[in-house]
Protein chains: 2
Amino acid sequence: MPLDEFDRAIIAVLQEDARMPVAQVAERVSLSATPVSRRIKRLEEEGIITGYQPVLDPRRLGLELDAYVLINLDAHSDANIERFEQAILDSPYVIACHAVTGDMDYLVHVVARDVEHLSQITLKSLLRIPGVRDVKSIIVLETVKAPRTLPLD
Amino acid sequence: MPLDEFDRAIIAVLQEDARMPVAQVAERVSLSATPVSRRIKRLEEEGIITGYQPVLDPRRLGLELDAYVLINLDAHSDANIERFEQAILDSPYVIACHAVTGDMDYLVHVVARDVEHLSQITLKSLLRIPGVRDVKSIIVLETVKAPRTLPLD
DNA sequence: TATGAAATAATATAGTT
DNA sequence: AACTATATTATTTCATA
């Protein structure tokens, strides 16, 4: 089922505030509450909206540092890959990990309390995963943009 | 105000489902609805919870591709930086941008409909921003982990 | 100062047209 | 899809620890 303009408008409003009352969303998209409620339910059931999350301030949670770590494996055997990915899934400070193109195999997004903590995560946790050859850290100095929203055109 | 164990437990539950009824959150954290409601309000007012967002499936929105683009500026004058950052803020397909350490200046997270669209964003939009010297694209092949949650110890 | 229980207010959803 | 009625949920009040 393709999304129509109302669906997109509803999603756009929810990206601003996912707990806005349905009646208010309805007003914003020029519809009444009933169809908005039903459309949201449909978007959830169809897997377009997969859940709802609070947006948290990492600093207020004691997470002052943010880094992207590029990682190379020294062999790409199934065992190596599986062991690596399991270690990644088990690390609470790894908040994202992607297999990527280029001369590095993985791009890992890490959050940490401070420089020492980041160093500990990188050196004692990531670099010690069996099969990991090389690690390049890119530390975030400043966040220019991070709306956590997707374009809907 | 430091967070106590109830605050952390409430945030943890909300990270699972930010629209869970307060009474259910209350049950999960072994409290009644009243203090949970008040604590959530307090977390919002203190800026620890800054908002709520739906989690969307990018593919169902026609966004099949995901890339990280490393960018270098050829001069780091205030004018160059400001112009670059404004262009980034204006690009809907740039969903995150950080100033970073290392031999590249910025790490930009881009979403795109397909390879052609990504190419268009990179070559016609990013590379043409005045002051941009070099661009290295890292294309996401597979997402191993992306919980969109923060560790709360 | 923070909680729990009950009452009230707000909001969401289902039935009907 | 909208209007109305019902059900669900959130918040306020108040007594208490």
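What you see below is based on every heavy atom in this structure, not just the backbone, and it leaves out hydrogens, waters and symmetry mates.
A/Gln120 and A/Tyr93 share no side-chain donor-acceptor pair at under 3.5 Å. A donor-acceptor contact closer than 3.5 angstrom links the side chains of A/Tyr52 and A/Glu44.
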**Item:** side-chain contact (heavy atoms from CB on, under 4.5 Å) between A/Ile139 and A/Val115, worked out
**Value:** CA-CA 10 Å; A/Ile139 296 170; A/Val115 179; 6.0 Å; no
**Message:** If you apply the rule side-chain contact (heavy atoms from CB on, under 4.5 Å), what do you find for B/Lys145 with A/Val94, and how did you get there?
**Reply:** CA-CA 8 Å; B/Lys145 182 179 186 178; A/Val94 171; 4.2 Å; yes
**side-chain contact (heavy atoms from CB on, under 4.5 Å) between B/Ile129 and B/Ile71, worked out** = CA-CA 11 Å; B/Ile129 300 170; B/Ile71 295 180; 6.0 Å; no
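Between A/Ile95 and A/Val110 the shortest side-chain heavy-atom distance does not fall below 4.5 Å.
Within 4.0 Å of B/Arg42, counting heavy atoms only, lies no atom of the nucleic acid at all.
Remark: P of C/dA12 and OH of A/Tyr52 are 11 Å apart, rounded to the nearest angstrom. Computed from coordinates, the A/Lys41 NZ to C/dA12 C1' distance equals 11 Å when rounded to whole Å.
Residues of residues 8-34 of chain B that place a heavy atom closer than 4.0 Å to DNA chain C, in numerical order, are B/Leu31, B/Ser32, B/Thr34.
Between A/Arg38 and C/dA12, a side-chain N or O to OP1/OP2 separation shorter than 4.0 Å is absent.
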